[in-house]
Amino acid sequence: MREIIRFAWGTSSLGDFMIAMSKKGLVALEFNLRRAATEEALRVRFTEADVLDSQTDLVNIVELVRRAIEDPCFDPDLPLDLRGTAYEITVWKMLQSIPAGKTTNYGALAAELGTRDARDVTEAIARNPIAVLVPCHRVIKKDGSISGYRWGVKRKRALLALEQNGKDFRLE
DNA sequence: GAATTGTCACCAG
DNA sequence: CTGGTGACAATTC
């Protein structure tokens, strides 16, 4: 029985994005300018599945995701269908527990995992298929600089600025 | 900023 | 087991 993957496009202040869902939950959230290439990547990633354009079926999800991108405090509460090695999934779950407006660094995450090398953490984060909802943008280097981001360093800066100028966090 | 080097857990084969 | 591989980190210019 072939699996069904449905996808749809949305727009945000950070650019167009594509979401993809399996039966279980979100499998991808990608920013990309070139839609054809992104859709192709999805088909390659799920060669065993039927990949369908379901723009109309997913409008509600698209809207939830769009709000989550625009407003870091908004929790779309969507199920995520994480696919990866056990290690990657562990890392992604840790990322999700980072509060909005806060940042950490690769070394700290590594320490929490009980490993010594920051780079394995980095690699797992880099494989994160779901932008923003798995907040890989909240992880920066130890000296505070931004090194890389799968969807562009510019986008990472924008996200961080958005969260840190954050509307409703005052306190302190 | 950019280049340079040490280092090591992870994963695929 | 072996080897390639880094969205690192610390150092240097």
Side-chain angles (χ1 to χ4, degrees), chain A residues 3 5 7 9-20 22 24-35 37-49 65-66 68-76 78 80-166:
Chain A
E3 191 177 4
I5 303 289
F7 71 87
W9 288 87
T11 55
S12 74
S13 59
L14 294 178
D16 291 356
F17 61 89
M18 187 196 74
I19 61 169
S22 71
K24 283 193 287 184
L26 211 56
V27 290
L29 197 181
E30 299 268 9
F31 288 99
N32 202 317
L33 301 173
R34 291 166 47 242
R35 298 191 171 204
T38 310
E39 290 170 17
E40 180 57 27
L42 198 61
R43 290 205 166 82
V44 169
R45 187 171 153 210
F46 296 103
T47 42
E48 297 302 311
V65 172
R66 194 190 63 73
I69 294 167
E70 306 292 348
D71 176 8
C73 300
F74 176 72
D75 178 10
L78 289 169
L80 304 184
D81 184 4
L82 295 173
R83 314 251 173 140
T85 65
Y87 185 78
E88 286 163 359
I89 290 171
T90 308
V91 172
W92 297 337
K93 286 190 171 154
M94 280 177 74
L95 293 180
Q96 288 182 75
S97 68
I98 302 172
K102 201 169 177 337
T103 60
T104 184
N105 61 64
Y106 300 96
L109 289 175
E112 232 176 291
L113 282 166
T115 67
R116 271 197 275 130
D117 192 2
R119 299 175 79 150
D120 51 0
V121 177
T122 305
E123 201 182 331
I125 294 173
R127 289 207 189 96
N128 166 33
I130 304 174
V132 185
L133 298 186
V134 176
C136 47
H137 55 279
R138 290 184 198 139
V139 186
I140 57 184
K141 294 204 342 182
K142 211 165 207 167
D143 63 5
S145 65
I146 292 172
S147 47
Y149 189 53
R150 218 176 128 204
W151 298 279
V153 175
K154 267 169 52 186
R155 200 124 43 202
K156 184 165 181 173
R157 281 217 191 84
L159 280 164
L160 287 172
L162 195 66
E163 296 185 355
Q164 278 164 9
N165 299 338

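Naming convention: chains lettered A, B, ... in sequence-line order (proteins, then strands); numbering from 1 in each chain.
- If you walk DNA chain B from 5' to 3' and mark each nucleotide with an atom closer than 4.0 Å to a heavy atom of chain A, the marks span B:dG6 to B:dC11.
- Between the side chain of A:R138 and the backbone N or O of A:I98 there is at least one donor-acceptor pair closer than 3.5 Å.
- Across residues 118-151 of chain A, A:R119, A:D120 each have a non-hydrogen atom less than 4.0 Å from an atom of DNA chain B (numbered order).
- For the pair A:E30/A:L42, no side-chain contact is recorded, criterion being any heavy-atom separation below 4.5 Å from C-beta on.
- Salt bridge A:E123/A:R119: absent, no basic N to carboxylate O contact under 4.0 Å.
- Distance alone, capped at 3.5 Å, is enough to place a donor-acceptor pair between the A:N128 side chain and the A:V134 backbone.
- With A:K142 contributing its side chain and A:A108 its backbone, the two residues share no donor-acceptor pair below 3.5 Å.
- Residue order along DNA chain C, read from the 5' end via each residue's closest nucleotide, puts A:D117 first among A:D117 and A:G107.
- Side-chain contact between A:E88 and A:L82 is absent, with no heavy atoms from C-beta onward closer than 4.5 Å.
- For the residue pair A:D143/A:S145, the side-chain donor-acceptor check at 3.5 Å is satisfied.
- Inter-residue side-chain proximity for A:R157 and A:I146 is flagged as met; some heavy-atom pair is nearer than 4.5 Å.
- The residue among A:R157 and A:T85 whose nearest nucleotide of DNA chain B lies closer to the 5′ end is A:R157.
- In this entry the distance linking CG of A:L113 with P of C:dC8 reads 16 Å, nearest Å.
- Side-chain atoms of A:W92 never come within 3.5 Å of backbone atoms of A:R127 as a donor-acceptor pair (strictly under, hydrogens ignored).
- Here the rule is salt bridge (Lys or Arg N to Asp or Glu O under 4.0 Å) with A:E3, and of A:R83, A:K24, A:R45 only A:R83 fits it.
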Legend entry - Which nucleotides of DNA chain B pair, in dot-bracket form (Watson-Crick or G-U under 3.5 Å, | meaning another strand): ||||||.||||||

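- Between the base of C:dA7 and the side chain of A:Y106 there is a donor-acceptor pair shorter than 3.5 Å.
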